[in-house]
Amino acid sequence: SQLYADNCLILGVIYRIEGKNDEAITEYGKVVSIQKQLNGENSLQYANALSSLGLLYKSVGKTSDAESALLTSVNLYKQKGMESDVKYLM
């Protein structure tokens with residue numbers, strides 16, 4: 001459910017603040033999966049979840065994972081006509 005996704009995101013943020021990056025990645029990954037299931041792989045919610053996960057990967061040095069998530073989210077944003085919103089991701 002969306003409520004569960006929101007709770008996973010909050011927990012992920014808490015883990016990130018505490019420096020528990022592996023746990024944060026797990027929670028962000030849950031959000032990505034839930035948003036894909038609830039809203040579809042072409043949805044803005046899925047793109048937002050992917051970009052959050054990608055930025056987390058980037059911050060912990062997981063470059064290839066970051067690139068994959070961020071490129072997918074950027075392509076989704078572009079499909080939605082939101083090119084100006086993707087500059088901060090790369």
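We're numbering straight along the sequence, starting at 1.
Summarising the geometry, atom OH belonging to Tyr57 is positioned 12.5 Å from atom OG belonging to Ser52; distances are rounded to the nearest 0.5 Å. Atoms CG and OG, on Asn21 and Ser59 in that order, are 6.0 Å from each other to the nearest 0.5 Å. One distance of note links OG of Ser51 with CG of Leu71; it measures 12.5 Å at 0.5 Å rounding.
Contact between Ala47 and Ser73 at its shortest, heavy atoms only, is O-CB, 3.4 Å. Scanning both residues, Ile34 and Ala5, for their nearest heavy atoms gives CG2-CB, 3.6 Å. Scanning both residues, Gly54 and Ala66, for their nearest heavy atoms gives O-CB, 3.4 Å. When all heavy atoms of Leu53 and Ile25 are compared, the pair lying nearest together is CD1-O, 4.1 Å.
With contacts defined as side-chain heavy-atom distances shorter than 4.5 Å, the pair Leu76/Leu44 does not qualify. Leu11 has its side chain out of reach of Asn7: every pair of non-hydrogen atoms, C-beta onward, lies at least 4.5 Å apart. At least one side-chain heavy atom of Asn42 sits under 4.5 Å from a side-chain heavy atom of Gln79.
Judged by distance alone, the side chain of Lys20 and the main-chain N or O of Ile14 form no donor-acceptor pair under 3.5 Å.
Applying the salt bridge (charged side-chain N to carboxylate O under 4.0 Å, His left out) definition to pairs two or more places apart or across chains, none involves residues 42-56. Applying the side-chain hydrogen bond (donor to acceptor under 3.5 Å, both in side chains) definition to pairs two or more places apart or across chains, those involving residues 23-32 are Glu27-Lys30. Residue pairs meeting the salt bridge (charged side-chain N to carboxylate O under 4.0 Å, His left out) criterion with at least one partner in residues 33-45, sequence neighbours excluded, are Lys36-Glu41.
By the criterion of side-chain heavy atoms lying less than 4.5 angstrom apart, applied directly or through intervening Ile, Leu, Val, Met, Phe, Trp or Tyr residues, Leu50 is grouped together with Val60 in one hydrophobic cluster. If you chain together hydrophobic residues whose side chains sit under 4.5 Å apart, Tyr15 and Leu56 never meet in one group. Val32 and Val13 fall within a single hydrophobic cluster, where Ile, Leu, Val, Met, Phe, Trp and Tyr side chains are chained together by heavy-atom contacts under 4.5 Å.
Under the side-chain hydrogen bond (donor to acceptor under 3.5 Å, both in side chains) criterion, Ser68 pairs with no residue, sequence neighbours left out. Take Gln2 and apply the side-chain hydrogen bond (donor to acceptor under 3.5 Å, both in side chains) test, not counting sequence neighbours, and it matches Asp6, Gln35. Not counting sequence neighbours, the partners of Ser1 by the side-chain contact (heavy atoms from CB on, under 4.5 Å) test are Leu3, Tyr4.
Asn48 and Tyr77 share a side-chain donor-acceptor pair at under 3.5 Å.
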